[in-house]
There are 2 protein chains.
Amino acid sequence: MPRAGLDPAAVTAAAAGLADEVGLANVTMGLVAERLGVRTPSLYKHVASQADLNRRIAVLALVEVGDALREALQGRAGRDALAAAAHTLRSYVVEHPGRYAATLPLNPEGPDDPIAVAGARVLDSLAAVLAGYAIDPADTVHAMRLLRSLFHGFATIEAAGGFEMDTDVDQSFEWLVDFIDRGLKA
Amino acid sequence: MPRAGLDPAAVTAAAAGLADEVGLANVTMGLVAERLGVRTPSLYKHVASQADLNRRIAVLALVEVGDALREALQGRAGRDALAAAAHTLRSYVVEHPGRYAATLPLNPEGPDDPIAVAGARVLDSLAAVLAGYAIDPADTVHAMRLLRSLFHGFATIEAAGGFEMDTDVDQSFEWLVDFIDRGLKA
DNA sequence: ATCGTTGGCTAACGCCATTAGCTTTTAGCT
DNA sequence: AGCTAAAAGCTAATGGCGTTAGCCAACGAT
């Protein structure tokens, strides 16, 4: 029988795709194997465990988010950059809820943990957004946490179907971006 | 052998306590049974399944949060109420991360689903906070979603250890409450 | 052509959720 | 007080999933 020609990246990609389709919690090793046309134990030649696979999905998601943010912020500043970052993050979570969910248990095991590296790149983009506002350097950390908390919370609740659909969620999101923009200018 | 004298509430309470101690994902039926001094299958006389147990934990947490909020908001308004609600929510999540995590998959199966009822009570308290500000009625929905997203996001990231500890998280939280207060006044 | 490495497979183990069916306690009724 | 029926516990068993061990075939380098 011919070989499947897998590698860690291919396994991670398949798992990430499944996570978006059926939810991260329902991504089973058997399901990933089936998707790849392989038997379950074969996966262990490429990833160490299910926990390892989840970490790889998280890194993939953080890298993708980081790239998307960097691209979206090209040449933008101030309110423009804020809106671009906000929409980019929300779109990513809506389109890839499973991948994104894998990033929630942020447990960097060290400073060179790939998850910490990829996470830091995302934070750099958020810092770039804040650079467009005149913020007391002592407050930038707080403003960063504000953005992280708000975007993460909104995306998570939206992905979980936590908002009543009788009022337009897009409209709320625009209102929210505007609210933050006004606040950061003061 | 004497009887254990369990009921759904006791099982739920034990499971919620374990969730706070070992994390919701690690709450196994066997662990709950052991905590209660009972064999695993006996639990099924009181709860239908593990999913049912998780929903009960979520309801418990939402009721507790709702009660805590209502009490904290007694006689307060405006910035005072906002700060009280914020601190109450954060404290609850820090002290009961496992219970709170059970509330994340918000899937109300109907308008009389206990999870929807308990959730609505929490939202009522948030609405009470906003009542202390002069907000265009058309914008209250957006402001509600702002508060939910922000508090939920902050608490979730904090509970996951997602904030670098080199800058005081308490200080960020105060800054954040102040930021929202100023914004809601404009 | 061959040899070692690599990637796939089958078989097997242990843990967990769940169900079936039995036994004993216990509350309510006479 | 004694009886009965439901409720609450137990043991045994099933099926799924993660993981490991050990075997064999494919493939790249010599």
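Each chain gets a letter, A, B and so on, in the order the sequences are listed, and its residues count up from 1.
When all heavy atoms of Ala15(A) and Val27(A) are compared, the closest pair comes out as O-CG2, 4.1 Å.
Atom-to-atom, CD of Glu34(B) to C1' of dG9(D) comes out at 17 Å; the value is rounded to the nearest Å. If you measure from atom CG of Asn26(A) to atom C1' of dA17(C), you get 15 Å, rounded to the nearest angstrom. Regarding Asn54(B), its CG atom lies at a distance of 12 Å from the C1' atom of dA17(C), rounded to whole Å. Taking atom CG on Leu43(B) and atom P on dT11(D), their separation rounds to 13 Å, with Å as the unit. For the pair Asp7(B) CG and dA7(D) C1', the interatomic distance rounds to 13 Å; values are reported in whole Å. Across the protein-nucleic acid pair, Gln50(A) atom CD and dC16(C) atom C1' stand 14 Å apart, rounded to whole Å.
Side chain of Leu6(A), nearest nucleotide from dC17(D), dA17(C), dG8(C): dG8(C). Taking only side-chain atoms of Tyr44(A), from C-beta outward, the nucleotide of dA17(C), dT20(D), dG8(C) with the closest atom is dT20(D). Taking only side-chain atoms of Pro41(B), from C-beta outward, the nucleotide of dT11(D), dT20(D), dG9(D) with the closest atom is dT11(D).
In this structure, Thr40(B) reaches the bases: a heavy-atom distance under 4.0 Å links it to at least one base atom across the strands shown.
Within 6.0 Å of atom CD in Glu21(B), more than 12 heavy atoms from other residues, nucleotides or ligands are found, so the atom counts as buried in its surroundings.
Counting only heavy atoms from C-beta outward, the side chains of Val63(B) and Val59(B) approach each other to under 4.5 Å.
Taking the nucleotide of DNA chain C with the nearest heavy atom to each of Arg39(A) and Lys45(B), the more 5' of the two is matched to Arg39(A).
A close approach under 4.0 Å does not occur between any side-chain nitrogen or oxygen of Ser42(A) and OP1 or OP2 of dG7(C). Between His46(B) and dA7(D) there is no side-chain polar atom (N or O) within less than 4.0 angstrom of OP1 or OP2.
Aromatic ring centres of Phe154(B) and Phe173(B) lie closer together than 6.0 Å.
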